[in-house]
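Accompanying notes for the structure given below.
Model, not experiment: these values are computed from the prediction. Letters A, B, ... are given to chains in the order of the sequence lines, protein chains preceding strands, and every chain is numbered from 1. The figures here come from the full heavy-atom set of this structure, side chains too, leaving out hydrogens, waters and symmetry mates.
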Amino acid sequence: MCDSCGCNVTPGNKHLLESNGKLSRTPDGKLAITVLQGLLSENDRQAQLNREHFDRHRVLVINMMSSPGSGKTALLEATIEAIGPELNIGVIEGDLETERDAERIRAKGVPAIQITTGSACHLDAHMVHNALHQLDLGRLDLLFIENVGNLVCPASFDLGHHRNVTLLSVTEGDDKPAKYPVMFRAADAMLITKADLLRVLDDFQSAAAEHYLRNLANPAPVLEVSAKTRQGLTAWFGWLQQELQRYHQYLAQGKPLYPRIQPQGQAAHAAVYVNHQLHPNG
Amino acid sequence: MHELAVCQSIIDQVKRIAAEHQARVVEKIYIQIGPLSGVEPDLLKSAFPMASANTAAAQAVLIINRLPIRVLCNTCQAESETSVSRLVCGVCGNWQTTLLSGDELLLERVVLRSEH
């Protein structure tokens, strides 16, 4: 959300600014101030600084979100083993407690910073900023942020990352995108993990999971993967390579790369709405 | 329960606005929330007193304006109101739509009282 260009003015609140401007007096003389700022503007400001910092160092940053136990760390281990020799990878791990995940990643020979959030259910842009002090971004091509395992809260906080990847393990049920729409709407790729178990689970249909994802108007690719058997990992690495290429193209053109759904999404609302008013039939 | 973090962010912004206008007391805080923002209005209301205690907004009333979800169909160009887990076009049923509103998480307006 930007507070300077007016992108937070949507069809729903435009009248507030048009009626009597930003400042007015109530009948009993009190001061009423129309603000129209994102409620998380402090976080969003820090996220933007993080993003600029990543872009100066040409590091593509991927926010990995899912339930606890869906296999984020196992997928990262398999990813590092396979593409670590070609790409310099770093990981920021978010958990309520323990260094266990960071230790697993370090055992694969890549830098990993553990953020322990205590009781906080998500990472925010300030926590990621603090973790960056301990990472040498100049040596990285790709940084994964493994968010706190939670299908609700992490989706509301911009970290300054470029892409969201949401994992759905086959033991969780194929209707999770319908049940947790905010999280799955934000996915730039949905990974169906532990796919090796599909042969013994008769109640998870990948096509159904994809159908629920499309119901959220989300065109993201859906990939079945198994960190254990390596099934589908080639497609996952292909997606990462494609996003790295896209990122470098954006950098070359001086354009920032944002996740498809981001807090500044209302800029798009306003533009689409104005366009629709001007050309109602397309 | 990230609603407490959201409340703390609201209080920080409101405190800054009150200071800019030399106001000591915040009377009302109006916010806009869409169902796709990921913030639950009722939880926000219950977390608010914890975040506002001992601040200029301690006595403030939090007024939440809940906005509907509206999408624009990329195919038939119809605008329709939808539910949170089905953002498909209400007219032709196509899933390729663009969100017009429903993900708002905005501080709309504050009412301040200057006390000397």
Can you tell which part of A:R214 gets under 4.5 Å to a heavy atom of chain B, answering side chain, backbone, both or neither?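 Both backbone and side chain.
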Part of A:N218 within contact of chain B (heavy atom distance under 4.5 Å): backbone
Which bit of [X] comes within less than 4.5 Å of chain A, counting heavy atoms only: side chain, backbone, both or neither?
X      : value
B:P68  : neither
B:T97  : both
B:E27  : side chain
B:L107 : both

Partners passing side chain to side chain contact (heavy atoms under 4.5 Å, CB included) against A:Q205 (at least two apart in sequence or in another chain):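 Checked A:Q205 against side chain to side chain contact (heavy atoms under 4.5 Å, CB included); matches are A:D174, A:A208.
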Shortest non-hydrogen contact from B:L43 to B:E3?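 The pair with the smallest heavy-atom distance is CB-CG, 3.7 Å.
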Looking only at heavy atoms, the pair that brings B:A47 and B:L4 closest together is O-CD1, 3.8 Å
Would you mind telling me which of B:Q8, B:R16, B:R70 has the largest number of heavy-atom pairs within less than 4.5 Å of chain A?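 Ranked by heavy-atom pairs under 4.5 Å with chain A, first place is B:R16.
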To the nearest 0.5 angstrom, please state how far the NZ atom of A:K72 sits from the CG atom of A:D95. 7.5 Å
Any chance the side chains of B:E108 and B:Q32 put a donor and an acceptor closer than 3.5 Å?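 Yes, B:Q32 and B:E108 have a side-chain donor paired with an acceptor closer than 3.5 Å.
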Can you sort out the partners of B:N94 under side chain to side chain donor-acceptor pair (under 3.5 Å), two or more places apart, ordered by chain and number? B:T75
